[in-house]
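These notes concern the structure reproduced below.
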Amino acid sequence: MGKLIEVQQVGKRFGAVQALEGISFSVPGGGSLALRGPSGSGKTTLLRLICGLEEPDRGQVALDGQVVSQPGRLAPPWQRGIGAVFQKPALWPHLTVRQNAAFGLTGWGKQQAAARLDELLDAVDLSKLAERYPYQLSGGEAQRAALLRALAPRPPILLLDEPFANLDPALRTSMLAFVQQTQQAEGATLILVAHDDESAAICTQVLYLEKR
Amino acid sequence: MIKHYVPLLLILSILLLGLAACTAKDEPAVVVYTSVDQPFAEPILTAFEQKTGVRVLAVYDTEAAKTTGLVSRLSAERDHPQADVFWSSEIAQTLWLQDHGLLAVYQSPVADDIPAGFRDPQGYWTGLGYRTRVIIVNTERVAPEDYPQTLADLLDPKWGPGEVGLANPLFGTTATHAAALYASWGAQPALDYFQQLEAQGVRIVDGNSVVRDMVASGDLKLGLTDTDDAEAAVQAGKPVIVIFPDQDGAGTLAIPNTVALVAGGPNLAQGQALIDYLLSAEVETQLIRDGFLHGSLRDSASAGPVLMAVDWRAVAEQMEAAKRDLQDLFLR
Amino acid sequence: MKSSPRGIHSSIGQGLGLAAYLLVTLGPAAWLGWALLETVVGGWGNSAAPVLQAEGVELNSRTWGLLGHSLGLAALVTAGSLLLGLGAAVWIVTRPPWLGRLTRKLYLVPFIIPGYIYALTWLSLFSRSSLLAQGVERLFGQAPSAYGLPGAVLILALIYAPLVTLVMLAALDASEPELVEQALLMGPAGRAWRGVILPLSRPGAVAAAGLVFALALVEYGVPALLEFNVYPMEIYAEFSQSGDPLRALLLALPVLISAALLVGAAQWLLQRTPLSSRPQGAAWLSNLPLPGFERTLAWFSALSLAAACLLPILVLVIQAGSLSVVWSAASQAQHDLLTTLLLALSAALGAVLVAFIPAQRLAASDAASPWLWALLLVPLAVPAPLVGIGLVDLANHLPGRSLGWFFMWAAHVGRFAPLALIALVAQFRRREPLLHELAQLYPVGWLRRLWQIDLPLMAGGLSAALVVVFALSLGEIGATLLVIPPGLGTAALRLYNLLHYGAPASTAGLALSLLFIILAVGGLWAGFYERGVRRFGQID
């Protein structure tokens, strides 16, 4: 079951640039939120704050009622149960597609992990490319592999930052449908940075960030 | 999967090998500090190892350390001596160590036939063969009729600036030679000699081997060096000739190797055994055959070039004065 | 879910890492400095003659003259290496991609070949009896001398030019095609080179010049062999004569302070300079024709560096005469070669380990202050003899101490960790942070994350740092000869002894063995790295 995400009065500054200020919202466990807004409005920063890859200057982030991020205190990213895909696939270049996806399956039995990977490889149509290295993949294939890696451990929270922006329309539609279907089937909480209505449509809530 | 651990295993192996390399061994050992050139000393020390089963841990001096690095090391280790034996390619440093209480008495039974003049009366050091201070001349740049025969011939005006070479007079056998001249000629005449050399434009170089190399290559016409350095050039077929100066006069300075027991060394018995071995006629002969030593102390009176009579204690007393004067003269 | 105070563990870790680095690199010199301070402070309370006078070293005309020699040598070497290094960088980026990639692996070779091997080569080539010298004598009436300043300048300029090339390549690779295209719309290619591309690389060139000047200032091995007296040699001479480490430190202060100031100034610019290339390199520059002077300089530099790689091998092969001589020299030195290899491997690992955390700190754009940069690079300014003297004195003050393997290892790590630091910073700067961050999202242990993700991603830079320190350690002699424990020897020391003993064939044979090891390791690294590049698509 997905985790409740609560963001309260979060602010983040990078040097002279105030990337976020006074952001508050919540996403119920198993719910979905589309983040929209112009470039530079802080969408990626917000996702990184929820991941625990950045520390807020103000406010706090709580997951299932437990505060995980606040100024001066930060729970490690690996304890938050988050699967994330950012704009760049960021696949580890020395690992194959299968190895990239298998990295997060710690504690899974060998057969269980293999079955999970095969299922997902099939679902994103990467079965034939499972033993390939990232440099051997096209942009779309790499993005699907990144999604595969994020989904493999069945994370209770899914954060997707414009993962399908560079895909062709047909592929984007099918991937969006897949994400929606997976999120609903596994009950994960989803936050999706969306640049178009089609992407936003798979979510039940929309949050619009304005550029400061 | 295994391949992921190969680099780790490799690193661990290297670290383990390294540790093994520095793990103390239980077999008997003796530590010797020697300023004798490694190519000469090493075979001797290896032979001792093979003969006795005692591991020899040697520290060699390099020309880069200006030859007195071992003395500094021995002095610094005074409170916790690491060395057992000091085998020097000359004598002045040994006398300095004796005067500073860094040597122990040991009269080797094999050294009874070494002349008294080359042994400390109390037994702090013993001479082992000798090298001489010679003039090395480039035969392609100097005609035979111009070959110098005495040290005074080096002052001949026919030698222009930068044509005569001398090793740094603050170190090694050149320093000993200078002090010997101070002791033999008197301080002022010796200083006059060096002042004239300086006025003539003598070229001061890093060491005796550099004098040899520069004469051999023709960068210098002639220079003062030791017999082993000169011999190496001859053996290599270089266009040089070796002259023993002052054969019709006071004789050529012979500088003995010296062997001494370091005070408080960790392996007394092994140190004494090594000294006995080094002072043997067999080793002396080997070193002469190899070209490091020019002659044997045991028959120095009857064979070889005419040698200068030297009071080594007087030489040691003149060392500081000579160094001070020559530093002011050449190195300021 | 535990939430920990942000940054405490990372701060403690960083602090410990920085402390370990400074202890190893500056420890020996700092030890001497502390002893000097104690002596001076103790003397101020004493009504007797000033302590400094008792400890003091007289700076007379000779020492000032030697300082002048060192400064002059450093200035000329810097000028030479700047020209050669820039020329080589321009030559590399204007080659076809396949040739550019090949030469990007080779240009560092002159830097990793020990200086005394070059000195050997030079002395052989230009000895009075050599064909070259005789030819010059026939042409100009006077045979050149192999000894003296010109040889020292040429050799050191060739050795340090690759450092300049390293920085210049990164600067050239970072040049934006769009900026140059704008210039091309307004004038010929020559104007684009001189007006846009090269000026943008200027900060990098100045940074590299500062570093080279500092390294040349404390250099003494090559000048010593070529009988060009320089200041650092006096440090040895002083220590040998007096046996007093404090006197040696006092004597070293002028050169230490000068070099430290230069390194500090160089780092200011290095901080703002990309130290490694973009993955796609500057292949587009190969289509841009070079103006006349730059083309001549580029070819001259490339040929000079190529000669610097090949000539030593050629001359040494001729001197050795036969493979049996090489084998014989290597066999006689087998224990020394083994010691050298183990020492170099362990020093390389140690240097990379101690430099790892400081390098991360420096590479983090929001954390690196210029003072931190200066502090971490200033060990480059410490002359090798001073490192050895400091360690010897430290060993003499430790209870039950002896100069064992550890001190030899510490001397090598201390001397070369700053260079490992520079290589690692270059690596950390070019890595994609997201690749590391994403791994943190998964609940795997830190060791597994380090081993499976972080270290492989840094393999290029880590291995480059390892290879550079390995090669430099193989040739190190300045500190080693002071700290070598009884019973051990290194190939470099044996080579030096053979050199002075006067066995040219054996010397050449051993030098070739050493060279072979250096080039083999470098070649293996280049080969594996190239395979990794083709596999994973990263280019340094």
Side-chain angles (χ1 to χ4, degrees), chain A residues 3 14-15 44 48 51-56 60-95 99-107 133-137 146 149-150 152-153 155 157 159 161, chain C residues 1-13 278-280 364-369 427 430-463 528-540:
Chain A
K3 290 187 182 180
F14 294 105
T44 301
R48 289 175 64 84
C51 281
L53 299 175
E54 302 283 356
E55 180 185 326
Q60 65 185 32
V61 176
L63 302 179
D64 268 359
Q66 206 167 1
V67 173
V68 296
S69 297
Q70 65 186 32
R73 297 194 79 85
L74 207 63
W78 55 86
Q79 290 180 356
R80 300 176 184 220
I82 294 177
V85 182
F86 292 91
Q87 288 175 19
K88 287 191 214 172
L91 293 170
W92 298 308
H94 57 292
L95 301 177
Q99 287 168 337
N100 263 275
F103 183 76
L105 299 182
T106 319
Y133 287 94
Y135 78 96
Q136 294 171 304
L137 304 176
R149 180 177 62 185
I157 296 174
L159 303 180
D161 187 356
Chain C
M1 196 183 326
K2 259 190 191 167
S3 178
S4 61
R6 169 75 165 161
I8 278 187
H9 294 128
S10 63
S11 293
I12 292 172
R278 290 185 311 184
Q280 62 270 39
S365 58
D366 59 348
S369 85
Q427 164 64 39
R430 66 172 296 279
R431 66 180 172 173
E432 175 59 70
L434 192 58
L435 289 172
H436 296 269
E437 287 168 344
L438 278 172
Q440 291 181 43
L441 293 177
Y442 298 95
V444 304
W446 69 269
L447 189 60
R448 188 174 156 215
R449 193 181 312 120
L450 180 73
W451 188 250
Q452 263 198 287
I453 304 297
D454 295 330
L455 288 179
L457 287 174
M458 295 186 282
L462 282 175
S463 59
F528 277 117
Y529 189 73
E530 185 65 21
R531 191 164 149 253
V533 163
R534 274 190 261 117
R535 209 172 183 201
F536 306 130
Q538 290 173 339
I539 301 172
D540 263 345

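We name chains A, B, ... by the order of the sequence lines, and we start the count at 1 in each one.
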* To do: Could you walk me through whether C:Q452 and A:W92 pass side-chain contact (heavy atoms from CB on, under 4.5 Å), step by step?
  => CA-CA 10 Å; C:Q452 263 198 287; A:W92 298 308; over 6 Å; no
* Considering only heavy atoms, which portion of A:L105 lies under 4.5 Å from any heavy atom of chain C: side chain, backbone, both, or neither? -> neither
* **Geometric cation-pi criterion C:R449 and A:F103, 6.0 Å radius, 45° cone** => no
* Report the residues that fulfil salt bridge (charged side-chain N to carboxylate O under 4.0 Å, His left out) with A:R48, sequence neighbours left out, ordered by chain and then residue number. => A:E54, C:E437
* Structure fact -> Separation between CG (C:L438) and NZ (A:K88), nearest 0.5 Å, reads 11.0 Å
* Structure fact -> Applying a strict 4.5 Å limit to non-hydrogen atoms, the region of A:F86 in contact with chain C is side chain
* Structure fact -> Looking only at heavy atoms, the pair that brings C:R448 and A:A102 closest together is NH2-O, 4.3 Å
* **Shortest non-hydrogen separation from A:G104 to C:Y442 and the atoms involved** => CA-CD2, 3.4 Å
* What is the minimum heavy-atom distance between A:A90 and C:L435, and which atoms define it? -> O-CD2, 3.1 Å
* Structure fact -> The reported gap from CD1 in C:I453 to CG in A:L95 (rounded to nearest 0.5 angstrom) is 5.0 Å
